[in-house]
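Note that this is a predicted model, so its numbers are computed, not measured. In what follows, chains are A, B, ... by sequence order, proteins preceding strands, each numbered from 1. These values consider heavy atoms only, across backbone and side chains, with no hydrogens, waters or symmetry-generated copies.
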2 protein chains.
Amino acid sequence: METSSIRKKRDPRWTRFEEFLRSRGLRHSASRGLVVEIFFSNEGSISAEELWLAVKNQVPGIAVSTVYRTLRLLVDSGLARTCEGQGTVHYEPRSKASRDRIICMDCGKVMDLDLPEADLLQERIAMRLGYTVEQRELFMYGRCPACLRRRALAMKNAGRY
Amino acid sequence: METSSIRKKRDPRWTRFEEFLRSRGLRHSASRGLVVEIFFSNEGSISAEELWLAVKNQVPGIAVSTVYRTLRLLVDSGLARTCEGQGTVHYEPRSKASRDRIICMDCGKVMDLDLPEADLLQERIAMRLGYTVEQRELFMYGRCPACLRRRALAMKNAGRY
DNA sequence: CTTAATGCAAATCCTTTGCATGTAG
DNA sequence: CTACATGCAAAGGATTTGCATTAAG
């Protein structure tokens with residue numbers, strides 16, 4: 001599998017995956033490399049079977065089990081996460097940073113946040129429960145100032161309905 | 001199924017479910033009622049099988065398929081939603097205001113939490129940004145105590161799977 | 001009466017595993 | 001050489017479906 005060693009080398013995730021393998025005494029292999037590479041090249045979420053098809057498309061003869069096994073490694077190494085897919089499990093790249101955001105339910109605006117206070121909270125909870133926590137998502141759904149103003153105005157003007 | 005018609009009548013979700021049935025020309029039935037009632041009485045998320053066990057505990061002889069079929073109705077009617085559970089799909093009431101949970105990345109265990117501290121944090125953020133917030137999701141990903149122990153042990157005996 | 005709902009078991013997915021064999025280190 | 005990785009097929013689980021039968025409206 002020499003096809004794109006350059007791209008591999010440039011992607012920090014690849015390095016991280018290699019480190020993960022080494023740290024567990026696991027080995028490199030052409031099929032494994034292909035699966036990982038195609039998974040990385042995919043932006044959104046993907047099911048095991050979709051990934052398998054994409055892989056077979058490049059190198060026929062690779063077994064589904066290999067895809068599943070590699071996917072497990074990706075999850076274990078923290079480079080992938082599972083997420084909802086209709087009916088079947090989907091996998092998506094896990095970004096390093098934690099994600100905090102506030103979403104306006106009226107206009108749909110999404111604002112990315114960085115909340116050190118949430119880090120503290122997270123630590124406290126983890127401690128209390130005996131967990132270790134590596135990542136978090138804090139999504140808040142509500143209304144943005146602009147939409148709140150608009151609503152307030154609409155209230156006055158249209159007295160009732 | 002007269003056991004708790006009073007409780008049923010008081011829960012607005014029940015009314016909504018009945019409307020949903022009527023709008024589709026579907027029928028009432030004792031088993032269906034039981035499944036819905038037990039689902040509603042459960043606060044957190046639950047798997048189809050767990051729900052089945054709880055149902056059988058009250059009235060033995062009810063089939064899993066009935067539980068699955070009812071669960072689908074609940075989802076279709078917007079009263080339930082699916083969510084991640086270890087390996088298997090879990091269901092939870094859709095109306096639940098906020099969801100806080102901690103998920104083990106090793107065994108997939110999902111623990112539902114109730115975090116008043118997060119409410120405070122949420123309020124503070126909202127205030128600062130001029131938003132109102134009505135709902136939140138706080139997902140934390142890490143490792144549970146059991147898996148942490150297992151890992152510590154596995155450290156000695158070189159890992160494979 | 002008409003037609004949906006149910007229980008049961010068989011059928012379908014989706015995912016994991018056992019095993020003989022290939023292969024990286 | 002020594003494990004680990006792989007393909008294949010069989011095994012496992014979870015969820016769905018076909019069908020005869022029961023029961024709601």
Between the protein and nucleotides 22-25 of chain D, which nitrogen or oxygen pairs come in under 3.5 angstrom?
residue : atom : partner : partner atom : Å
D/dA24  : N3   : B/R27   : NH1          : 3.1
D/dG25  : OP1  : B/H28   : N            : 3.3

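Relative orientation of the A/W14 and A/F17 rings is tilted, given thresholds of 30° and 60° on the angle between their planes.
Considering all non-hydrogen atoms of both residues, A/A48 and A/V67 come closest at O-CG1, 3.7 Å. Here the shortest heavy-atom pairing between B/G44 and B/P93 reads O-CD, 3.6 Å. Taking each heavy atom of A/S31 and A/I62 in turn, the nearest pair found is CB-CD1, 3.8 Å.
At a threshold of 4.5 Å between side-chain heavy atoms, the hydrophobic network of Ile, Leu, Val, Met, Phe, Trp and Tyr places A/M140 and A/M111 in one connected group. Both B/V75 and B/V64 belong to a single network of hydrophobic side chains, linked directly or stepwise wherever heavy atoms of I, L, V, M, F, W or Y lie under 4.5 Å apart.
Residue A/L71 contributes atom CG, which lies 13 Å from atom C1' of C/dC14 at whole-angstrom precision.
Counting heavy atoms from C-beta on, the side chains of B/Q58 and B/L34 come closer than 4.5 Å.
Of the two residues near DNA chain C, B/G25 and B/I62, the one whose nearest nucleotide lies more 5' is B/G25.
A side-chain donor-acceptor contact under 3.5 Å links B/R13 to the backbone of B/F40.
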Which parts of nucleotides 10-21 of chain D does protein reach within less than 4.0 Å, heavy atoms only, written one letter per nucleotide 5' to 3' as B for base, S for sugar-phosphate only and - for none?
-> ----SBBBB---

